[in-house]
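Remember, it's a predicted structure, so these values are computed and weren't measured experimentally. A note on names: the letters A, B, ... follow the listed sequences, proteins ahead of strands, and every chain is numbered from 1.
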Number of protein chains: 2
Amino acid sequence: MPRRAADQADPERRSTIRDVATRAGVSVATVSRVLAGNYPTAPATRAKVMRAVKELDYVVNVHARALAGVTQKTIAILTREVVTPFYAYIIQGVEQQAAQDGRLCLVCTTGSDPDRELAYVKMMREQGADAVIIVGGMTETPEYRKQLGQYAQALESAGTKLVLCGRPSMGPDVPALIAHYDNEGGAYAATSHVLSAGHEQIMFLGGVPGFTTSEPRFAGWRRALNDRGIDPGPELFQTGSHGTHFGYERLKELLKRKAFKATAIVASDDGCAAGAMMALREANIKVPDEVSIVGYDDVPMAAHMWPPLTTVRIPAEELGRTAVRMALDPRANPARETILGTHVVVRESVARRVR
Amino acid sequence: MPRRAADQADPERRSTIRDVATRAGVSVATVSRVLAGNYPTAPATRAKVMRAVKELDYVVNVHARALAGVTQKTIAILTREVVTPFYAYIIQGVEQQAAQDGRLCLVCTTGSDPDRELAYVKMMREQGADAVIIVGGMTETPEYRKQLGQYAQALESAGTKLVLCGRPSMGPDVPALIAHYDNEGGAYAATSHVLSAGHEQIMFLGGVPGFTTSEPRFAGWRRALNDRGIDPGPELFQTGSHGTHFGYERLKELLKRKAFKATAIVASDDGCAAGAMMALREANIKVPDEVSIVGYDDVPMAAHMWPPLTTVRIPAEELGRTAVRMALDPRANPARETILGTHVVVRESVARRVR
DNA sequence: CCCGTTTCGGTAACCGTTTACCGCGCCGAT
DNA sequence: ATCGGCGCGGTAAACGGTTACCGAAACGGG
């Protein structure tokens, strides 16, 4: 039964550098140096050590190593959840850039609970992560701002970077790097795209007033309209929530009340656009022949809807990469705030307005 | 300038338990005990300590703590990528269960590179993670099997659990827990659903022969057919790849060659089904009136396609939760292998065959 | 008043590495 | 032959916690 044979003592114990040293007949220092490879060692010694390592199946203990000063650091990413494509892409970007820079990536979901978020921030301080990246919005109560600001300062003084990703700056009270995207510009571009197809009655559908992700989209839509001298009436500004359900229900209700007068819709998000399209289809209104529609986010689904949805692309993965680059290499990325561009990807849900 | 005032010495240094002890006028043991809260301490002492902690903004060093024996352990999840819904949901499940059990969750993407996967496994051994969960398939070269088997044994003897999630067992050579789903059963159910709508010419579209995720789906389709005494010809078995692109191209080509004879399609995945639907639409063939179609995976997109896609639901998030439960609580989950059920979610892409 | 208990706090060993510092032997240069 | 320097390896001191063990003080019962 060789399997049971473990070198006496507690068989569950990981073998340590001392075990290796004894076995190889050298000192622990030598083992450490051989393994680190940054110190001259005689080939014969090296061989002995390597053999012992193999035989004992030795692996370093990262905690001990960290204590002694060489830290394998990590990047933490705090997010509400992971399945929404926007978050998923950011996470992927973060993970990949982190890996590329030799870091491990800790992901923590916070739901929409500010307390969990705060708890994780604290935990990351204990871990000694070299960056914590908070992605997406959180409803910002004053209490939350205050706490986060406090933690942000603590992190900063501990050398841990805090990056807000896909979320605007929270002002000077919370010192953080910002990796964001041009939200307002995307809405402006989308609306302009529809405008130049000849539409004038352009509804904005979806979004929730006060939300940091919604407001800039409202603003972009409004600015594009104003730039052409159009002042949209309140009936063209339909907000309340987002997602497929909201888009469907709201449009259905408008249709039923015969209160839908627009020839085009700028939706707050692709889900909302999809919902609106379903309602239109049920009412036998052709998209894009009778009404044009553009979404926002460019989720994978957008390309597969019918008709394929024209929408605004957010460089989510790049956002994640940018966040860690800013955190890890401040000299190459000295800006405290970088805003990535958005652009409209043209598919088939917008048609020229015929009169 | 009180902010600059840091207690002499290097201002960048994290304050240690010793700093706190000095400041509070007690010993380090006392501080440790107050913080752990598992030892009787006089209220006055506790108060002094807490004040010092606050003033110095002290946080424990997890590495030191781990070295001393109290490990904050972590769960590692190794995945190809994070954005595919199947993976994203598993990750979410893992993370949430891990958090619930007080663990941190490390996610590592491996692309489809076995070497990176292996490297991460090794790294996790160094970290002393209490479980590593490998999700999804990897093309299994003998070399890879051998390596992984070796690591698996090493992990096991170190008390770290290895869980294969959403992937079948690799045999006795690689000792691992399995959290999988009934892949073959899903395909069987989907095909049966189509059969009982009166179809007999049922094509299987997509998947790659030899892949651990594809083969069971082929098998389920074939078994369902055989159970009704149907022996599908090779022209009804169209494999090669998966995803929208493949589905679209292959079906288009079949249509062009007038080689498409089926009245229903069982697709290897939802993307593939979506592609097929696009090709059908372009050929002016109505779904589901003229051909029925069912997908696999139930990605979010499936519900939003037109017509909404009937498909097989994989309990991905639950799969992730199960994986960590199995790893963390072997007494409550003694099985070395748990297979979660799949079921078909009926939407509108399958219609009764009219003759 | 004495003594056994209980309550609370300190001392110091230990966890597994890394690395500064030192010493030894050997080489080539003088 | 002597010596400076270099190549190589060992000793031991951190790193920042936890906790076994011990002792002092307080307290209550006889």
Side-chain angles (χ1 to χ4, degrees), chain A residues 7 9-10 12-50 52-53 56-73 123 125-129 158-159, chain B residues 7 9-10 12-50 52-53 56-73 123 125-129 158-159:
Chain A
D7 294 49
D10 180 0
E12 273 299 322
R13 211 177 107 271
R14 264 164 82 151
S15 45
T16 73
I17 198 173
R18 250 168 290 258
D19 300 332
V20 176
T22 323
R23 178 142 201 153
V26 298
S27 74
V28 292
T30 304
V31 175
S32 179
R33 295 201 265 246
V34 166
L35 262 20
N38 52 13
Y39 196 85
T41 43
T45 315
R46 187 195 323 272
K48 277 191 300 187
V49 170
M50 292 315 264
V53 164
L56 293 177
D57 197 24
Y58 167 80
V59 289
V60 299
N61 177 321
V62 288
H63 298 303
R65 167 180 281 175
L67 234 207
V70 251
T71 49
Q72 150 74 295
K73 297 261 227 131
M123 215 180 233
R125 213 144 80 76
E126 300 176 353
Q127 295 281 331
Chain B
D7 295 51
D10 179 359
E12 273 300 319
R13 212 179 107 271
R14 264 164 80 152
S15 44
T16 75
I17 198 175
R18 262 169 271 261
D19 300 334
V20 176
T22 325
R23 177 141 198 156
V26 298
S27 75
V28 292
T30 303
V31 175
S32 179
R33 296 203 264 246
V34 165
L35 261 20
N38 53 11
Y39 195 85
T41 43
T45 316
R46 188 195 320 274
K48 275 191 301 187
V49 170
M50 293 313 267
V53 164
L56 292 176
D57 199 21
Y58 168 78
V59 289
V60 298
N61 177 322
V62 288
H63 299 302
R65 165 180 284 174
L67 234 206
V70 219
T71 49
Q72 149 73 292
K73 298 260 228 130
M123 217 180 228
R125 212 144 81 75
E126 300 176 354
Q127 295 281 332

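Atom CG of residue L56(A) and atom OG1 of residue T16(A) lie 9.0 Å apart, to the nearest 0.5 angstrom. Interatomic distance, NZ of K48(B) versus OG1 of T41(B), reported as 11.5 Å (0.5 Å rounding). Taking CZ of R14(B) as the reference point, atom CD of E126(A) lies at 8.0 Å (rounded to 0.5 Å). Within the model, atoms CG of L35(B) and CZ of R46(B) stand 11.0 Å from one another, a figure rounded to the nearest 0.5 Å. With rounding to the nearest 0.5 angstrom, the OG atom of S15(A) is 8.0 Å from the OH atom of Y58(A).
A search for side chain to side chain donor-acceptor pair (under 3.5 Å) contacts involving N61(B) returns nothing, not counting sequence neighbours.
As a whole-Å value, the separation of Q72(A) CD from dT17(C) P is 16 Å.
Backbone-only contact: V26(A) has heavy atoms under 4.0 Å from sugar-phosphate atoms and none from a base.
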Per-nucleotide protein contact along nucleotides 11-17 of chain D, 5' to 3', at a 4.0 Å heavy-atom cut-off (B base, S sugar-phosphate only, - neither), is B---BBB
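Annotation: salt bridge (Lys or Arg N to Asp or Glu O under 4.0 Å) contacts involving residues 24-42 of chain A, sequence neighbours excluded, are absent.
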Between the protein and nucleotides 23-27 of chain C, which nitrogen or oxygen pairs are less than 3.5 angstrom apart?
none

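When the C1' atoms of four end pairs are superposed on the next four at each end of the helix from dC1(C)-dG30(D) to dT30(C)-dA1(D), using five pairs per end, the two resulting axes differ in direction by 50°, to 10°.
Considering only heavy atoms from C-beta on, I17(A) stays 4.5 Å or farther from V60(A) through its side chain.
Annotation: proximity of residues 35-47 of chain A to DNA chain C (heavy atom, distance under 4.0 Å) is found for no residue.
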